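Notes follow the structure.
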2 protein chains.
Amino acid sequence: MGSAPKPLTSRQLASLLGVSQSAVSRAFTPGSSISADLRERILNGANEHDYRPNAIASMLTKRRTNIVGIVVSDMQNPFYPALIERLTQGLQRAGLQSLLFNITRGANIEDQMIAIRTYNVDAVVVIAATILNPRTLMWATEGRRSVLLNRLGQDDIDTVCCDNVDGARAIVDHLHSIGCRRVGYVAGLTKTAVGMTRHSAFTTRLAELGMRLTGTASGGVYSYDAGWRGALELLPERPDAIFFASDILALGGLDALKREGAAGDIATVGFDDIPMASWPGYALTTYRQPIDAIVSKTVDLIVAENPETPRQHLLVGDLVVRASTVPDVTPGLHPQP
Amino acid sequence: MGSAPKPLTSRQLASLLGVSQSAVSRAFTPGSSISADLRERILNGANEHDYRPNAIASMLTKRRTNIVGIVVSDMQNPFYPALIERLTQGLQRAGLQSLLFNITRGANIEDQMIAIRTYNVDAVVVIAATILNPRTLMWATEGRRSVLLNRLGQDDIDTVCCDNVDGARAIVDHLHSIGCRRVGYVAGLTKTAVGMTRHSAFTTRLAELGMRLTGTASGGVYSYDAGWRGALELLPERPDAIFFASDILALGGLDALKREGAAGDIATVGFDDIPMASWPGYALTTYRQPIDAIVSKTVDLIVAENPETPRQHLLVGDLVVRASTVPDVTPGLHPQP
DNA sequence: ACATTGGTTGCAAGCGTATTCATTGGAGCC
DNA sequence: GGCTCCAATGAATACGCTTGCAACCAATGT
């Protein structure tokens, strides 16, 4: 690793090839006014001399960075790493890079927001379910395209979100169809729009089908431990099923029920379909979030010239039935990836 | 969200305040030659007029982006999201942002490498255990600081890596101490330096203690499924313990053993200490990678002016004993985060 | 009183590319 | 052939900031 062999500039390449600097620039700009001959000559020359346009300089003049800021807070919930992975890949396919802003609970959010602005990202995708209050958020994203993922917001911000109402209904319908009538609920973050939507859609559907809500435990956070505690909290009421607001909660809850020897008697359902839900040790029935659709919709919104209306996009997923509600579903090992 | 209210430039702010543009620049540059008075006046004015230096322009002149490229490939293994989260936070604390390059198996790695160069990141951290061959890597990181994480490399590249030899020895010693004598091994990626190191240190120590290696299964990848298959493969030899090259393998293996009713008879050990290892349902004994030390060492290397020598940094972790090897260790729920 | 010093400040020259504007040359047309 | 018109090219400027350089001023030493 010898230190910087100082890359060629467009001007240097131009004089090497006996053309103007503008010609070099145009050769690399699709659709610009340049003859096919010249362009090819320049591109060949560039290749030969190992020239590559400096993206920083180009950002300065074009006022476009081709960088998307991704604001994340909750990497503990395995759903998010999976989402982030797919999202960055989707963005890459569209020629965009991902700058990760990791909002830490209690840390100086201000600084992060300032960074978002000074780095001039073209767009911001907010995955952080909580922490960010709307005002801070608006300030940070002012003047640039922004998309909220799995987080509802004001009408004037693009939002891509799993259809929680459909999900909650599908889950309740399933529980009803297998004979459950007394159902408990373990919440995650209760103050978020997503949390409230899942909860209310759930209870509404319960009522419609004449089922009984035996109790609600508020986890306060999406974590294994919270699910464990939530399940234990609901146990005394002897529900015949428990709906956990997310898979990670459900896994904790399932383990708690197993420990208590109650897992066989209580059907458990999660939400998200994280990889672990399909592990034979859990075989969790859950509502699969349509990650691919979420990602492609998000990328579409970001690269679109003009905002669509309406700006709230709900995408439906599928119910995935596994042994945690229907024990005879074969919990065999799924095929190798 | 009205469209861009076009931010102030340093020159505009300067004329607003009746100072020179250079003064504004210096006010924002720590350690530059400017009086405390003037700096304060300018910073106040900047605040008032909502001025903020344009990072892009600054990158162009300073030839520094304050951006670190993070090359990742294996987000399926939960250890990596955890590492990435801590790493981005550590970098943020040092004033660096993280640009995520997600190398997808079989995709156009070339394009990614080109992106790394054109975006002029100051440094590159490579977490991808595989896929990238050394030549491509050298090309991409040419002229900029780079650190390989948990991946050994040539002597002339900085490397930060968990001490796999210490880990493997600690694990074997532990197995020996609890009376195991016939041990099986489930490998992950067998062609990587890390994989080979763990394997050889493991077998060496086995031999030293006069224990018997009953068999080796090569998972080929770090995944739950591979662990499941590996465990089943080793079962016929009736080992009294199995060492899995990573936790994610171990979890799959543990579930397979439970399914076969063999979990009680076979001590299982993993490597990494991912969050799931501590779940009561698994309670996996494992060797904890010193993530904090890894991260801070990495950040140190990146911000250091001059490369240290030697450039290979091995960090030791700790053995974490849980019920998967010592059943009477209380597998109770660990305290809430 | 005068030269020297050192800390402040402004001026101006970049950093590497995109793009406007003017110029040129040739094709096409009557 | 003279004209228009358009595509292709280059010169020049802008993008917003950093920094070397020179000018300046006050304080200090003799």
Side-chain angles (χ1 to χ4, degrees), chain A residues 4-43 45-46 49-67 114-115 117-122 143, chain B residues 4-43 45-46 49-67 114-115 117-122 143:
Chain A
K6 212 158 208 193
L8 235 50
T9 72
S10 62
R11 197 171 303 272
Q12 291 172 313
L13 178 65
S15 71
L16 245 51
L17 299 181
V19 300
S20 75
Q21 180 267 330
S22 354
V24 174
S25 171
R26 282 193 266 256
F28 281 92
T29 309
S32 60
S33 169
I34 187 176
S35 67
D37 276 11
L38 186 53
R39 163 168 286 153
E40 190 184 331
R41 193 150 65 85
I42 292 178
L43 290 183
H49 294 279
D50 199 39
Y51 165 80
R52 215 171 306 288
N54 180 328
I56 306 291
S58 146
M59 290 178 196
L60 186 57
T61 59
K62 291 211 292 201
R63 276 74 171 287
R64 257 166 91 35
T65 54
N66 279 352
I67 291 179
I114 290 177
R117 297 194 80 164
T118 63
Y119 273 89
N120 279 5
V121 299
D122 289 345
Chain B
K6 213 160 205 189
L8 235 51
T9 72
S10 62
R11 195 172 304 275
Q12 291 173 312
L13 178 66
S15 71
L16 245 50
L17 299 182
V19 300
S20 77
Q21 181 268 332
S22 358
V24 174
S25 172
R26 282 193 263 255
F28 281 92
T29 309
S32 62
S33 170
I34 186 175
S35 66
D37 277 10
L38 186 54
R39 165 168 282 152
E40 191 185 333
R41 192 150 66 84
I42 292 178
L43 290 182
H49 295 276
D50 200 37
Y51 164 81
R52 216 169 306 288
N54 180 328
I56 306 292
S58 142
M59 290 178 197
L60 187 56
T61 60
K62 291 212 292 200
R63 273 75 163 294
R64 258 168 89 41
T65 54
N66 279 351
I67 291 179
I114 290 178
R117 297 194 79 162
T118 64
Y119 273 88
N120 279 5
V121 298
D122 289 344

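Note that the coordinates shown come from a computational prediction; the quantities given were computed from them, not determined experimentally. Per chain, numbering begins at 1; letters A, B, ... match sequence-line order.
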In a table with atom names and distances, give each donor-acceptor pair under 3.5 Å that connects a side chain of residues 19-28 of chain B to protein atoms at least two apart or in another chain.
unit_1  : atom_1 : unit_2  : atom_2 : d
B:Ser20 : OG     : B:Ser22 : N      : 3.4
B:Ser20 : OG     : B:Ser22 : OG     : 3.4
B:Ser20 : OG     : B:Ala23 : N      : 3.1
B:Gln21 : NE2    : B:Ser10 : OG     : 3.1

Kindly say whether, by distance alone, the side chain of A:Ser22 makes a donor-acceptor pair under 3.5 Å with the base of D:dA11?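 Indeed, a donor on one side and an acceptor on the other fall under 3.5 Å apart.
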Nearest-Å distance for atom pair [atom1]/[atom2], residues [X] and [N]:
X: B:Met59; N: D:dT18; atom1: CE; atom2: C1'; result: 14 Å
X: B:Arg52; N: D:dC17; atom1: CZ; atom2: P; result: 12 Å
X: A:Leu17; N: D:dG10; atom1: CG; atom2: C1'; result: 15 Å
X: A:Arg63; N: D:dA14; atom1: CZ; atom2: P; result: 13 Å
X: B:Leu8; N: D:dC15; atom1: CG; atom2: P; result: 14 Å
X: B:Leu13; N: D:dT18; atom1: CG; atom2: C1'; result: 16 Å
X: A:Gln21; N: C:dG16; atom1: CD; atom2: P; result: 11 Å
X: A:Ile42; N: C:dT17; atom1: CD1; atom2: C1'; result: 14 Å

If you compare every side-chain N and O of [X] against the phosphate oxygens of [N] (OP1, OP2), does one of them come in below 4.0 Å?
X: B:Ser10; N: D:dC17; result: yes
X: A:Ser20; N: D:dT9; result: no
X: A:Ser35; N: D:dA7; result: no
X: B:Ser25; N: D:dT18; result: yes

Using a heavy-atom cut-off of under 4.0 Å over every strand shown, decide if [X] touches base, sugar-phosphate, or nothing.
X: A:Val24; answer: nothing
X: A:Ser33; answer: base
X: A:Leu38; answer: sugar-phosphate

Where each residue is assigned the nucleotide of DNA chain C containing its nearest heavy atom, which of A:Arg26 and A:Arg11 is assigned the position nearer the 5′ end?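 Per heavy-atom nearest nucleotide, the more 5' residue is A:Arg11.
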How do B:Leu60 and B:Ala23 order along DNA chain C: which one's closest nucleotide is nearer the 5' end?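 The answer here is B:Ala23.
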Kindly point out which of C:dT9, D:dT9, D:dT18 is positioned nearest to the side chain of A:Ile34?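 Among C:dT9, D:dT9, D:dT18, the one nearest the side chain of A:Ile34 is D:dT9.
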I want to verify a distance call: between D:dA12, C:dG14, C:dG16, whose nearest atom is closest to the B:Thr61 side chain?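 Among D:dA12, C:dG14, C:dG16, the one nearest the side chain of B:Thr61 is C:dG14.
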Using the rule given for side chain to side chain contact (heavy atoms under 4.5 Å, CB included), can you reason through A:Met59 versus A:Tyr119, listing the C-alpha separation, both sets of side-chain angles and the distance that settles it, and then say yes or no? CA-CA 11 Å; A:Met59 290 178 196; A:Tyr119 273 89; over 6 Å; no
Before you tell me yes or no, could you show the steps for B:Arg39 and B:Asp37 under salt bridge (charged side-chain N to carboxylate O under 4.0 Å, His left out), namely the whole-Å CA-CA distance, both residues' side-chain angles and the distance that decides it to 0.1 Å? CA-CA 5 Å; B:Arg39 165 168 282 152; B:Asp37 277 10; over 6 Å; no
With side-chain hydrogen bond (donor to acceptor under 3.5 Å, both in side chains) as the criterion, how do A:Thr65 and A:Asp122 come out once you've worked through the C-alpha distance, each side chain's angles and the decisive distance to 0.1 Å? CA-CA 6 Å; A:Thr65 54; A:Asp122 289 345; 3.2 Å; yes
Should we say atom CZ of A:Arg52 is surrounded by more than 12 heavy atoms from elsewhere, each under 6.0 Å from it?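 Result for CZ/A:Arg52: enclosed.
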